[in-house]
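These numbers come from a predicted model, not from an experiment. Just the heavy atoms: all of them, side chains too, but no hydrogens, waters or symmetry mates, feed the values below. All chains are named by letter (A, B, ...) in the order of the sequence lines, taking the proteins before the strands, and each is independently numbered beginning at 1.
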Protein chains: 2
Amino acid sequence: MLKLTKKTDYALMAINYMAYRKDSFIANTRNISETYNIPLELLAKILQKLAKNGLIVSQNGPKGGYTLAKEPRQITLGEVIRTIEGPIQIVRCIEGDTTCSQTELCTIRSPLRKIEGKIITFLDQITIDTICNENIEKELTVN
Amino acid sequence: MLKLTKKTDYALMAINYMAYRKDSFIANTRNISETYNIPLELLAKILQKLAKNGLIVSQNGPKGGYTLAKEPRQITLGEVIRTIEGPIQIVRCIEGDTTCSQTELCTIRSPLRKIEGKIITFLDQITIDTICNENIEKELTVN
DNA sequence: TTGATCTCCGATTCTTTTAGTCGGATATAA
DNA sequence: TTATATCCGACTAAAAGAATCGGAGATCAA
């Protein structure tokens with residue numbers, strides 16, 4: 001399925017939550033979890049991952065929590081997806097994948113890879129700022 | 001994960017196989033299965049589904065098999081994906097989905113839906129003919 | 001008309017991925 | 001020092017994906 005995981009959804013909601021608040025506001029896991037009805041433990045892991053990858057900054061101890069590490073317009077959708085789900089692969093077979101038994105005869109891999117590239121580029125152009133403002137008009141065409 | 005299933009890969013390979021041959025050539029499941037090393041039973045189901053949805057035409061009995069129902073330039077990637085995987089949904093929550101506990105507070109759904117729309121439009125622009133000729137240059141941008 | 005070769009189709013099992021849980025450690029403000 | 005945070009690995013449960021099985025129906029050729 002060509003679908004984002006719930007984890008990515010949660011990550012985007014959390015980032016959005018922070019983006020709507022002032023820089024000085026420190027959001028903690030419990031706040032976000034209760035606001036959006038996301039399992040606490042699961043959200044905690046997601047935020048840790050985002051922090052580890054430098055998308056958000058963590059502040060330990062009581063009154064601690066998370067803030068965005070960059071401006072909303074500097075965080076892209078592609079970046080968030082990659083942080084949570086790993087490299088974006090619409091096509092299955094990676095370069096040098098030995099498990100694919102169709103490798104040699106596969107006629108569709110190369111063109112699909114191009115399509116994948118287009119979609120990745122697209123996702124990397126969409127920022128959190130764009131999402132916050134519902135300002136998605138960028139095109140995605142096929143000359 | 002934002003990834004196509006193996007079934008879709010198999011479907012595309014099979015369609016591609018037929019597209020490369022003359023209209024009079026009837027491809028049977030075994031041929032394709034052996035050529036690309038795809039489990040026979042699985043491929044059979046996929047082809048049945050494609051036939052049921054009018055993408056290919058089945059010919060029963062010995063010397064039977066499948067041929068494309070339309071020209072390669074009339075079959076789109078989006079169409080194939082939908083036939084095999086069902087409606088394309090990059091975002092999880094469907095309109096009227098009651099199971100999503102974030103429904104009311106979710107701030108990201110609407111913008112993500114726009115993004116989804118862009119990608120679907122893109123996939124619907126790509127034809128089998130395009131894939132065969134590796135002629136994918138259509139863009140996918142974000143104004 | 002009979003047998004071989006196809007498609008057809010539902011039901012089932014196995015595997016992988018995703019989702020969510022649990023237990024315990026570390027940091028820090030009050 | 002205590003309450004409240006993040007941190008982190010290991011684990012379990014649920015869902016989706018991949019593959020298999022068994023048998024029915026069509027059709028061509030001998």
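- Rounded to whole angstrom, the span from the CD1 atom of B/I26 across to the P atom of C/dT7 amounts to 10 Å.
- Per the geometry, CG belonging to A/L50 stands 13 Å off P belonging to D/dT6, to the nearest Å.
- Distance B/Q59 CD to D/dC28 P: 7 Å, rounded to the nearest Å.
- Taking for each of B/L47 and A/L40 the nucleotide of DNA chain C with the nearest heavy atom, the 5'-most of the two is the partner of B/L47.
- Here A/T5 does not reach the OP1 or OP2 of C/dT17: none of its side-chain N or O atoms lies under 4.0 Å away.
- Mapped onto DNA chain D by nearest heavy atom, B/E41 and A/G65 fall at different nucleotides, with A/G65 at the one closer to the 5' end.
- When heavy atoms are screened at a 4.0 angstrom cut-off, B/K6 is found touching the sugar-phosphate backbone but no base atom.
- By the 6.0 Å contact criterion, NZ on A/K70 is enclosed, its count of non-hydrogen atoms from other residues, nucleotides or ligands being greater than 12.
- The distance between atom CG of B/N60 and atom P of D/dA26, rounded to the nearest whole Å, is 8 Å.
- Within the 4.0 Å cut-off from OP1 or OP2 of D/dG17, not a single side-chain nitrogen or oxygen of B/Y10 is found.
- Taking atom CG of B/L42 as the reference point, atom C1' of C/dT7 lies 16 Å away to the nearest angstrom.
- Donor-acceptor pairing under 3.5 Å is lacking for the side chains of A/Q74 and A/T127.
- Contact of the A/L42 side chain with the A/K7 side chain is registered, since non-hydrogen atoms from C-beta on lie closer than 4.5 Å.
- Of all the heavy atoms in A/R30 and A/N28, the pair that sits closest is N-OD1, 3.0 Å.
- A/Y66 has its OH atom 12 Å from the P atom of D/dA5, to the nearest Å.
- Phosphate proximity of D/dC7 to A/S58: present, with a side-chain N or O under 4.0 Å from OP1 or OP2.
- Distance A/K63 NZ to C/dA29 P: 12 Å, rounded to the nearest Å.
- Heavy-atom nearest nucleotides on DNA chain D were determined for A/R30 and for A/K3, and the one closer to the 5' end corresponds to A/R30.
- Across all non-hydrogen atoms, the minimal contact from A/T29 to A/L43 is O-CD2, 3.5 Å.
- What separates NZ of B/K45 from P of D/dG17 is a distance of 15 Å, to the nearest Å.
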